[in-house]
Amino acid sequence: MRSPLGVSNKYDTYRAPFAANVPDSTFSLTALKVYMQRPVILYFGIGLFCTYLYFIFSPFKLLTEYLDRFHNGMTQPEWSSIYSGYLQRATPFPDPHSYLAVLRNAPAEPDGFSLAIFSDRVAVDMKGNIYTLTEHDYDGVLQLAQAITSLPDTGGFRNQWRVLHRATCRPIDRILQFVETSVYGFDKHHVLLEEPVNGYSDLPPVLWELNGLALEARDVPGQKDEDVLGR
């Protein structure tokens, strides 16, 4: 015997435990009542449905939040510093090959030198050029460096401040003093952070200014002086 819906008897047998002797017209209502009397099955079905909704809608929510944060960063101020051009104002060191520097090679930093500033107002850029900074520039840059040491610790690897960008794999600038501070993805047009750090939603002004000054030491003409850089 076939059911009114044309389903074979084996399916009628399947529903027999909870729908035997029940007219087909009342089958759906009766089946629902039976399922409601079985909370494990009902709750399992509700859980599957909620999980489905979560995986469908949560990626759109995360994408919207990311784009909102990025577009807010499009109105960032222009980088500037009263000490900009400090290398152009400096006096070339009279005998660079008499200068002694000690460098350390490490797996995490094989070739990333930008700038070094030492006592007596001596500075070395990434090409190995050695300068004597003006007193005004030297004092100003050191004041910025000292102010950075008062910033809160980010709690991340190498005390890293991460600037928000759409693309990943941005360069990391490391500022080494008696404490280390680093900036991921420094940009002279963007300061919005990926995540707030102890009340800072933007890169702190002193860190933004000093990082920009350090990058000026990478924008210098001429060839590398391997004798200086190799010492």
Side-chain angles (χ1 to χ4, degrees), residues 47-86 103-117 123 125-126 137 139-219:
L48 285 178
F49 181 71
C50 292
T51 302
Y52 170 79
L53 291 179
Y54 174 80
F55 283 105
I56 288 296
F57 293 106
S58 60
F60 294 100
K61 180 176 182 296
L62 294 175
L63 179 60
T64 301
E65 291 178 353
Y66 177 86
L67 291 177
D68 286 344
R69 285 179 58 82
F70 185 83
H71 287 307
N72 288 337
M74 298 299 287
T75 59
Q76 305 288 357
E78 290 286 336
W79 180 90
S80 65
S81 173
I82 61 174
Y83 308 108
S84 181
Y86 62 102
L103 304 177
R104 175 180 292 180
N105 295 325
E109 187 70 7
D111 186 19
F113 177 73
S114 295
L115 171 70
I117 297 179
D125 66 22
M126 72 166 296
D137 290 333
D139 292 341
V141 173
L142 284 191
Q143 286 177 5
L144 292 173
Q146 292 171 359
I148 287 175
T149 63
S150 301
L151 294 174
D153 193 291
T154 64
F157 180 61
R158 289 178 174 168
N159 193 22
Q160 189 175 112
W161 297 75
R162 298 181 62 87
V163 179
L164 178 66
H165 291 281
R166 288 196 181 204
T168 57
C169 301
R170 296 282 178 166
I172 300 172
D173 297 302
R174 300 172 59 195
I175 300 172
L176 303 175
Q177 303 180 79
F178 58 89
V179 295
E180 179 173 351
T181 306
S182 61
V183 178
Y184 168 84
F186 174 84
D187 192 300
K188 288 188 175 182
H189 306 286
H190 297 281
V191 295
L192 184 67
L193 299 174
E194 289 182 358
E195 298 292 340
V197 176
N198 293 313
Y200 288 92
S201 58
D202 294 339
L203 195 65
V206 290
L207 185 53
W208 192 43
E209 184 175 358
L210 183 60
N211 205 148
L213 292 171
L215 291 185
E216 289 189 5
R218 302 187 68 87
D219 186 21

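Both backbone and side-chain heavy atoms feed into the values below; hydrogens, waters and symmetry mates do not. Numbers here simply count residues along the sequence, with the first being 1. Just so we're clear, the structure is a prediction, and the values are computed from it rather than from any experiment.
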Report the distance from atom [atom1] of [X] to atom [atom2] of [Y], rounding to the nearest 0.5 Å.
X      : Y      : atom1 : atom2 : value
Ile175 : Ile148 : CD1   : CD1   : 4.0 Å
Glu216 : Met126 : CD    : CE    : 14.0 Å
Glu180 : Phe157 : CD    : CZ    : 7.5 Å

If you look at every heavy atom in [X] and [Y], which pair is closest and at what distance?
X      : Y      : value
Pro152 : Asn198 : CB-ND2, 3.3 Å
Ala217 : Asp125 : O-CB, 3.4 Å
Asp137 : Tyr83  : OD1-CD2, 3.7 Å
Leu192 : Ser201 : CD1-O, 3.6 Å
Leu115 : Ala214 : CD2-CA, 4.1 Å
Ile117 : Ala123 : CG1-CB, 4.0 Å

Suppose we screen for side chain to side chain contact (heavy atoms under 4.5 Å, CB included). Which residues come up paired with [X], at least two apart in sequence or across chains?
X      : result
Pro205 : none
Ser114 : Arg218
Leu142 : Tyr138

Note, [X] side chain near [Y] side chain (heavy atom, < 4.5 Å):
X      : Y      : answer
Trp161 : Thr181 : yes
Asp153 : Val179 : no
Leu193 : Leu203 : yes

Donor-acceptor under 3.5 Å ([X] side chain, [Y] main chain):
X      : Y      : value
His165 : Gly185 : yes
Trp79  : Trp208 : yes
Gln177 : Thr149 : no

[X]: which residues meet the side chain to side chain donor-acceptor pair (under 3.5 Å) condition with it, sequence neighbours left out?
X      : result
Thr154 : Asn159
Gln146 : none
Asp187 : none
Asn211 : Asp173

**Request:** Please name all residues satisfying ring pair (Phe, Tyr, Trp, His ring centres under 6.0 Å) with Tyr184, sequence neighbours left out, ordered by chain then number.
**Result:** none

**Item:** Contacts of type ring pair (Phe, Tyr, Trp, His ring centres under 6.0 Å), residue Tyr86, not counting sequence neighbours
**Value:** none

**Request:** Could you check Leu210 against Val141 for side chain to side chain contact (heavy atoms under 4.5 Å, CB included), going step by step and ending with a plain yes or no?
**Result:** CA-CA 7 Å; Leu210 183 60; Val141 173; 3.9 Å; yes

